[in-house]
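One structure below.
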Amino acid sequence: MSNSKRPIILAVLLTLFSISGVFAATPSYKIGIVTPTLSASEDEFRGAVLVANKYPGMIKHLVLPDHFSEEQETAITQILSLGDDPEIKAVVICAGYSGILPAIEKIKAKRPEMVVITAPIWDDPDMMAKYIDLSLDTDWVQRGITIPTKAQAMGAKTFIHYSFPTHMAKEVLAKRRDKMKETCGKIGMTFVEISTPDPTTGGGRSPMLQFLQEDIPRQIAKYGKDTAIFGTNCPMQDVIIAKALELKFIMPEQCCPTPTQGFPAAMGLEITEKDAGNFAKINEQIKEKAAATGTTGRLSTWPVAVGYFFPEFAARLAMLKVEGKLPSFDLAVIEPVAREVAGVDVRFTPMKPGLNNYFLIIMDSIIY
Amino acid sequence: MLQLKNISKRFGRHFALHSVNLKVERGEIHGIAGINGSGKSTLLNILFGNPLIAETGGYGGEIILQGKSRRIKSPQSAIAMGFGMVHQEPAVVHEMTVAENITITREPVFPHSEKYFGRDFAPIDNRKSHKKAQEALGMFGVALAPRCLAGQLPLNMRQFIEIAREISRDDLKVLLLDEPTAVLNGSDSALLLRTLKNLARKGVTILYVSHRLDEFFALCDNLTVLRNGAVSGHFQRDGFSRKAITKCMIGGSVILSRKKANLTCRETILSLQKFSVSMPGESIEDLDLDIQKGEILGITSLSGHGKMAVGPGIMGLYPVLGKMLIKGRQAERHDTAAMIGKGLFMLPEDRRQLGLLQDHGVAENIVFSAMHCAHRFLRRFPCLPLHFPDKKQINRYALECVAAFAISCTGIAQKVRELSGGNQQKVCLAKAMTMEPEILIVNEPTRGIDLGAKERILDMFIAMNTTKGTTLVIASGELDELRRICDRIAVLYKGRLFAILAPDTAESVFIQAMSGEMAKV
Amino acid sequence: MRHLNPVSAVFLLLSLVGLLLSGMRPTFVVNEVLIRFIRDGVMVLALIIPINAGMGLNFAIVVGAMCAQVGLVLAVDLQLTGFTGLLFISVIGIGLSLLLGALIGLCLNRVKGKEMISTIIIGFLATSIYQLIFMVGYGTIIHPHNPEMMLSRGIGIRNMIDLQGFRNILDKLWLFRLGEIEIPLFMILLVLIFAGIVHSIMNTRLGRQLVAVGLDGRKAAMVGIDTEGVRVKAIILSTVLACCGHIIYIENIGMLNVYTAHLNSDIFSCAAILAGGATIFRAGIANALLGVLLFHSLFIVSPQAGQNVFGNPALGEYFRSFVAYGTIAFALMMQRQAADRN
Amino acid sequence: MKRRLGIQLPQLVILVFLVSMLGLAFRLDISLTSLLGDALVRLVMNGVLVLSLVPMLNAGIGINYGLPVAITAGLLGLCLAVNFKITGLPGFAAAVLFAVPLATILGYGYARILNCVQGREEITATFIGFSFVPLMNYFWAVAPFSNPAMLWPIGGKGMRPTIGLRDYFSKELNTLWSFHLFGITVPAGLLLFFALCCLAVGIFFKTRTGVAMIALGENEAFAKLSGMNISRLRILAVILSTILGAVGICVYAQSYGFIELYDAPQMMAFPAASAILVGGSAGKKTTLLHVILGTFLFQTTYVISGPIANALMVPEVAEIFRMMITNGIILYALVHEGKRTREKYAAS
């Protein structure tokens, strides 16, 4: 699609939004959004709640079990129940889990016209491209390049990668690790890989976090404070950021980049109910705290919670698609919508050359 | 057919059986007589491979069956050799039906199914199973619905189920019966005896354990008498004599300690009225009994007839019905703590399980009850409401006790687990004396204790009674001991008071009373 | 089931209320319940035998589930698919569960009176051994034939295996529709056949001995039953059934979460059989089958019902996990009181 | 021979594991002094939780697999302290003070339940713990706390899964009076606190009530015959365990620097159980030595195995082995205890 056509499409879209806003009071269809539970991942959950509040009566929000990998069948039932509701015309699944594809296949077999957007799920990419109308994800592998590069720009000389067996058993995460190693080698940083106790089996996450508490000071003592630390598991971020405040090393990005992960717990951010969900305010607070602890320039993330952004973004795309206003999910069509929802630039790349319904995103970074 | 050579069995230090020799021919009905604790049940348990025997260290000696020496390890191996057993308490599973109980482990299965599915997985033919059960019961003319749950039947019927199960076996060679008529009435017993005779005629060897002399006269070809774990006599059918057998059972033991019976009427200190105790296997029904201040009251009965339930009932360890007046007043609460508060104390028959803290030292055991129930031997922590045991006072007192009771131990800190039975009982007594109870209830005080210690303990009872005026209630199956130290002896039968006899009443009268064969006095 | 057990009645009531509140269409729920019935039915049946043998709830059925997974991974490794693959899985799985079942049984004979807590720990222990084999053993000691299922580093298996070669191959046999309701007749029959097998085992010599041992172990020993042997056999049977149940489960799901799929199968099965009115001393086929239906009905409707009632989807989720664990805790509490009263 | 030395298989396994790992750590040039410092912190961090198992074990109720109940009481206390923004050592003290009455109430209810399942306490406790966690999840999601530092950053309502204590009382005990000795950081305040807890428990078991509790654990029938109020003693034991567990999680959280809510307590009972069994407790009379030795041995394997496994480049093995050891020891203890009760029975 050429650049000249963009403004026209944008204009069309904006009109559509205003129209849909007018008709929002009397929706003729519903969109189902599936997210993890609140305690598993707040961002996606709140993102879905946000959409539900924006379009009252149009959103049906469901959550997956807390222990997803152990209760796969409950998850499948939840998703199938959306497919069973004739009012629901589109399904948006925002959960970084693998094993959801069979449920989508079943929905599609029953109702081929159903619009399914995943943002993201982690099944086999080729299979996903075949069954799912639009798959979105953060660009895991690409981040294997961007994160070390950013870390070096922030002054890091060593790059430490914390993970554990079951995470490294996931293909994308393993690939990202390999990419990081490769990038570090290219740009002349030392790459250190450390394995922590596994939180998904047995002892829960406490042994893992306890290990981090003890190991990070050891590593910083060994490699100096110009070290970037990256952990692949969400709960790790609390400890990593807390230790960063203490030991002044570099935290270039969390596993799921967002200001709402790790920072609030580690910095003890006091976010009032009024400011809750206001990312500009949250970023400001983090900046202040970073300055107060002398870690300015050592911490970075994406300015908007990707998980918070995905549900709304995907839901909007789904609405346009259901209303027939969108012929296809083309880059040129979805990029402006993304900018409008996120408020910052979002860059999309196809998952593989030739796939036109599986896109990976990278956002701009904010360095506190 | 069956020969026993030097069969011995030890429980800890105590010999339950000592070099028992026995020879039984095919088709012979051989009686085994003896009073409680003479070892007759132990003998049957050995022959039937009761797990209790193996768990407590097995047995000594040799068992020869049909000329071959056999080692019996479990009921299973005993059954495979052709033994069958009818227990005093029938081994009948209550929640299973009559037919299931009778045919268990040899249920008839559908034809050929065993070939395809194997022994374990062949489906049972319930119709045939019911028929088999009915046939077995029919052998002695009892009719029971095969579908009926065994637990819903009265005790005597459960006994018949067990007997039917054993005699319906094709491979039965030796049948062991442990007081099978204890729960049967006269006509049922006759029925059983008739059946056994028929069985013997078919070539089954029968070992019949009982204490009812009449049954031996009616049934047995030969009779062996056991006393204190050893064979004390052997009788052949033509040589049966009631007097000789009884003497053989009881023995002419020399009386060592003896208290002069004092039957002058005194005030009643404890009165049981329509007192029922539901203690599994030893329940009491509607017992009326007055205990007088300062007496030694003996309570005796056959096992299962309630002598052991009196003490635990009084102390509130089992649910009770009826009235209990202490010095004429009904207690508000009937639990152990309240009873101890009223000056009662009990020493249980099972010293190891109930009477002592095995892993604690001698001193700790002696003062335990006094410390916890009477708040003695304590020291208060300054300014905090914490009470600590007063080590000094305890040690001093314990040393006194060790000397006074002649407890042989390496020191007052030695764990009681390491003491002998007699010394353990002395520790129990010391504990009880420390409490200075008004009424002391003792169950089986001399069980499993060697002769010397036995006399010492009996002496202590007498001393306690005469010097301190403690009222003693002693429940025991050891008749001669009771007769030596008691003022009165109550005989229970089927959970009710059968008679109160003076200690100098003839032994045979006691035996008859205990078996409920005497006209009620 | 002469009269509905109070526990089952509560579950039935909760499910019905939940159904009303959830706003789900009954046909959908019926369809889902049917699928759960065929998926989880056999696993629940596996609990019956040990309960009747007096060993309580056998949480070690996860070991049976792991045996099935071992079979599956091997089948994927050897690239066997379809019915050949299924046969292969069954042979490996059952063979393994015979062996492991015997081991568990021997272990449980030494912890009489504490079987349940022991089976939980055995399940945990077995899980770590299982992980050791597939995460570390594969690629180092065991040489894989199918590189696709391996992690890119060459050691350890991916945590998600797509079972395209097996997915729903059984479920589609004799599938017919009744209005909107899909009835996989073959699978329903299969579950019923398993139920029949369990029922007939209870009616064999072994079954009688099991019951006798369960009711009164001492007396059972006195009539010549090898109580310890019988208990071992009970656990072996239970493990084998659990293995079969898990094969059906995974075949129906169509994807294998290699390291976690078996977890929780024990908790849910135990909760289900208790929901069906079983006690930890006595359970029958009816308890198991009814329990699966009731328990999973509640499981299906509760998340959405919770959302509609509390206006927060997460709360429905918490309620669901509470039901699973709470049912077992409650059953343990109540049944002791019942035993005391007798 | 083994029995005479007081060493049983679990200790042997752990000791061999520990010694071989220490040797490896030495060869791999991992700083032993820092490991030892960490081990000391770990000892106390988990020590109080392990100590909390003692009253119930000694009263014959068995291992408290329902530890999540106690932990919840402690978490509530911590949350209250943070909610009132009490910082520093007073904050920690306040958390403990808030936790104790809560633990008493919860412990009482928990004890009443356990009293009606005599003989099956362990399995019931496990499931009470398991089912208590989702129940509390429910509470956390709607808890009416007001300090924004604890609430969800986006939603603004309900508790975060992890609450940072940096601004409140994180590591207050760890750093109290800590000093360096031969390169080892000795957390004197922390150790002192643990010593005080141990002392309190030790003293309690020397009192009349404590002695009675031990007797109850050794022989319930005896205790009953001696006129003790068994159900009251059992309730007291459970309440004591619950209070200690609540204090334990407070110590844990301050050392850890975070309060972890939601599913975090679910599996916490098992490592604690394993630790006390490693210490040589055989399910009955448990001494403070068992607690200290067990916690130290067990936690030190955690401290050492991580760095070593990474240095050897087989990280998975260490983690899985640790899980195997945790559960293997509990299972061994169960089997061993079963054997011992049988032998004991045979001897009498």
Side-chain angles (χ1 to χ4, degrees), chain B residues 11-12 51-58 311-312 315-317 335-342 344-348 350-360 364-365 367-381 384-391 417 421 424 431 435 448, chain D residues 3-4 6 55 57-60 118 196 199-234 236-237 240 280-287 290 337-348:
Chain B
F11 290 105
L52 192 73
I53 302 293
E55 280 163 13
T56 51
M315 295 306 284
L317 291 174
D335 58 37
T336 317
M339 290 303 117
I340 291 176
K342 296 255 176 211
L344 276 70
F345 200 72
M346 181 181 144
L347 293 180
D350 189 351
R351 284 186 304 279
R352 288 163 200 279
Q353 292 300 318
L354 302 171
L356 291 169
L357 287 169
Q358 295 279 350
D359 288 327
H360 283 59
E364 281 162 313
N365 268 292
V367 299
F368 189 89
S369 296
M371 204 165 80
H372 289 283
C373 303
H375 292 247
R376 286 166 54 202
F377 303 108
L378 288 174
R379 199 159 44 87
R380 201 177 152 208
F381 191 78
L384 276 176
L386 294 177
H387 295 271
F388 292 92
D390 187 342
K391 282 268 156 62
R417 180 184 297 288
Q424 288 191 349
K431 179 180 80 168
M435 287 299 288
Chain D
R3 182 160 298 171
R4 214 176 306 148
L57 269 170
N58 276 351
Q118 284 194 26
L196 278 177
L199 196 68
V201 173
I203 288 177
F204 173 76
F205 280 107
K206 289 272 181 276
T207 63
R208 192 174 77 96
T209 319
V211 171
M213 209 175 267
I214 291 174
L216 168 67
E218 187 184 325
N219 189 337
E220 192 181 321
F222 174 87
K224 199 174 169 190
L225 196 64
S226 301
M228 293 178 188
N229 191 335
I230 287 167
S231 80
R232 229 196 69 208
L233 274 176
R234 284 168 56 102
L236 184 66
L240 275 178
S281 159
K284 283 256 164 91
K285 174 113 202 280
T286 306
T287 62
H290 292 153
E337 194 192 336
K339 205 176 90 193
R340 278 215 331 191
T341 36
R342 231 197 257 179
E343 277 170 4
K344 215 170 177 178
Y345 181 62
S348 60

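Proteins get letters first, then strands, A, B, ... in listed order; numbering begins at 1 in each.
- Considering every non-hydrogen atom in both D/K224 and B/L317, the closest pair reads NZ-O, 3.6 Å.
- For B/F368, the part sitting under 4.5 Å from any heavy atom of chain D is the side chain, from C-beta outward, and nothing else.
- Put simply, of B/H372, B/H387, B/H375, B/M339, the one with the most heavy-atom pairs under 4.5 Å next to chain D is B/H372.
- Nearest approach of D/F222 to B/L356, heavy atoms of both residues: CD1-N, 3.6 Å.
- Using a 4.5 Å cut-off between heavy atoms, B/L378 contacts chain D through its side chain alone, with no backbone atom that close.
- Considering CG of B/L357 and CD1 of D/I214, their distance stands at 10.0 Å, rounded to 0.5 Å.
- Of all heavy-atom pairs spanning D/S226 and B/C373, the tightest one is O-SG, 2.8 Å.
- Looking at every heavy atom in both residues, D/E218 comes nearest to B/D359 through OE2-N, 2.7 Å.
- Between B/T336 and D/L225, the shortest heavy-atom contact is CG2-O, 3.2 Å.
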